[in-house]
Amino acid sequence: HKKIVIPSLSFFQNELKGEGVVKSRRTLGELAGIFENQDAYSQLPLDQLAYEVYSYLPEREGTPGGLYFGITQLYPGKVGDEYFMTKGHFHQQEDRSEYYWGLEGEGMLILMDRERNTWAERMMPGSLHYIPGGVAHRVANTGNSVLSFAACWPSDAGHNYEEIANKGFSARLVEVNGTPKLR
Ligand code: PAN
Ligand code: ZN
């Protein structure tokens, strides 16, 4: 068994050695429809990298009780008055929860429950966030440098992107006079 002690070099070294860390990336083009300001969006290059996710499951896929570990690196930038952000999702298995914690940079974790109540938590190095089952989650980079955060979620959680892609969150995080506000 490979062991990950902390989200550190050892994790990335596994990736460098090709030992099971899966890397995925999302460009701005793949985030079509999530930003409000379509004019501002259309002026940005579709192939610009928005974020990368490194994920790792120290078990065979689908192993009950297994936990994924992941690191997301979200680049800084804005589309109109909205910050670069992740697509956001509910889990496919609704009751599956997740931990996020901040490693580097500044951001906001945007959360929405099944009644479409939306709230946000500030992310910074060392901040810890529990995302209960049935709560959609998305992260925005509110700073000028890369926002990096770690995540841990059940191997059988799955991702349901469709609902957020279709209906969005009930509030948007926008910059107002230099500070992030939910609107
Ligand atoms: C995270 C997210 C990751 C990227 O690992 O998948 O931050 O965000 P999107 O999946 O919304 O594009 C997680 O929440 N896993 O369950
Ligand atoms: Zn998740």
Side-chain angles (χ1 to χ4, degrees), residues 4 7 11-12 14-15 20-35 41 46 48-59 61-77 79 82-114 118-125 127-143 146-173:
I4 292 171
F11 176 73
F12 288 102
N14 276 342
E15 204 253 337
V21 176
V22 175
K23 183 180 177 179
S24 62
R25 58 205 301 282
R26 276 205 215 277
T27 59
L28 287 177
E30 291 164 285
L31 299 178
I34 77 168
F35 298 104
Y41 178 76
L46 295 180
Q48 189 178 328
L49 192 57
Y51 58 97
E52 289 163 303
V53 184
Y54 298 81
S55 61
Y56 181 66
L57 179 65
E59 309 280 357
E61 210 165 327
T63 302
L67 292 171
Y68 272 101
F69 175 76
I71 292 180
T72 301
Q73 293 195 287
L74 174 58
Y75 294 97
V79 180
E82 276 181 291
Y83 307 94
F84 280 13
M85 57 190 177
T86 60
K87 265 187 102 140
H89 57 271
F90 286 99
H91 288 153
Q92 196 70 49
Q93 299 230 44
E94 282 264 334
D95 64 352
R96 299 303 193 258
S97 51
E98 182 163 8
Y99 276 109
Y100 275 10
W101 62 102
L103 298 174
E104 198 185 333
E106 290 169 46
M108 292 282 251
L109 169 61
I110 304 160
L111 300 159
M112 183 177 75
D113 66 19
R114 272 285 159 215
T118 298
W119 68 102
E121 297 176 6
R122 273 190 65 200
M123 295 182 90
M124 65 200 92
S127 64
L128 180 65
H129 312 270
Y130 181 67
I131 303 162
V135 173
H137 40 291
R138 154 182 286 170
V139 172
N141 184 340
T142 59
V146 69
L147 171 67
S148 174
F149 62 93
C152 183
W153 69 98
S155 60
D156 61 357
H159 295 96
N160 167 10
Y161 291 105
E162 211 181 311
E163 278 200 55
I164 295 300
N166 293 339
K167 301 206 314 210
F169 282 66
S170 63
R172 289 182 176 277
L173 189 77

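Note that this is a predicted model, so its numbers are computed, not measured. Remember, it's 1-based here, ligands and their atoms both numbered in the order they're listed.
With Tyr68 as the aromatic partner, Arg96 does not meet the cation-pi criteria of under 6.0 angstrom to the ring centre and within 45 degrees of the ring axis.
For the residues Glu98, Arg138, His137, the heavy atom positioned nearest atom 15 (N) of ligand 1 is part of Glu98. Among Arg96, Glu30, His89, the residue whose heavy atom lies closest to atom 6 (O) of ligand 1 is His89. Here atom 8 (O) of ligand 1 lies nearest to Thr86 when heavy atoms of Leu109, Thr86, Thr72, Val53 are compared.
Of the N or O atoms in Gly88, one or more lie within a sub-3.5 Å distance of an N or O in ligand 1.
The angle that His137 NE2 and His89 NE2 make at the Zn ion (ligand 2), rounded to 10°, works out to 80°.
The distance from ligand 1 to the heavy atoms of Tyr161 drops below 4.0 Å at these ligand atoms: 9 (P), 10 (O), 11 (O), 12 (O).
Contacts with ligand 1 closer than 4.0 Å are made by no heavy atom of Tyr68, backbone or side chain.
Using a distance-only test at 3.5 Å, with no hydrogens or angles considered, no donor-acceptor pair links the side chain of Arg25 to the main chain of Glu52.
If you look at Glu98 and ask which of its N, O or S atoms sits nearest the Zn ion (ligand 2), the answer is OE1. The Zn ion (ligand 2) is closest to atom NE2 of His91 (considering only N, O or S atoms).
Between Tyr100 and Phe149, the ring planes are tilted. Angles from 30° to 60° get that label.
Between Arg26 and Leu31 the shortest heavy-atom distance is CD-CD2, 4.1 Å.
When hydrogens are left out, the protein atom nearest atom 14 (O) of ligand 1 is Tyr100 OH, 2.6 Å; that is the closest non-hydrogen contact.
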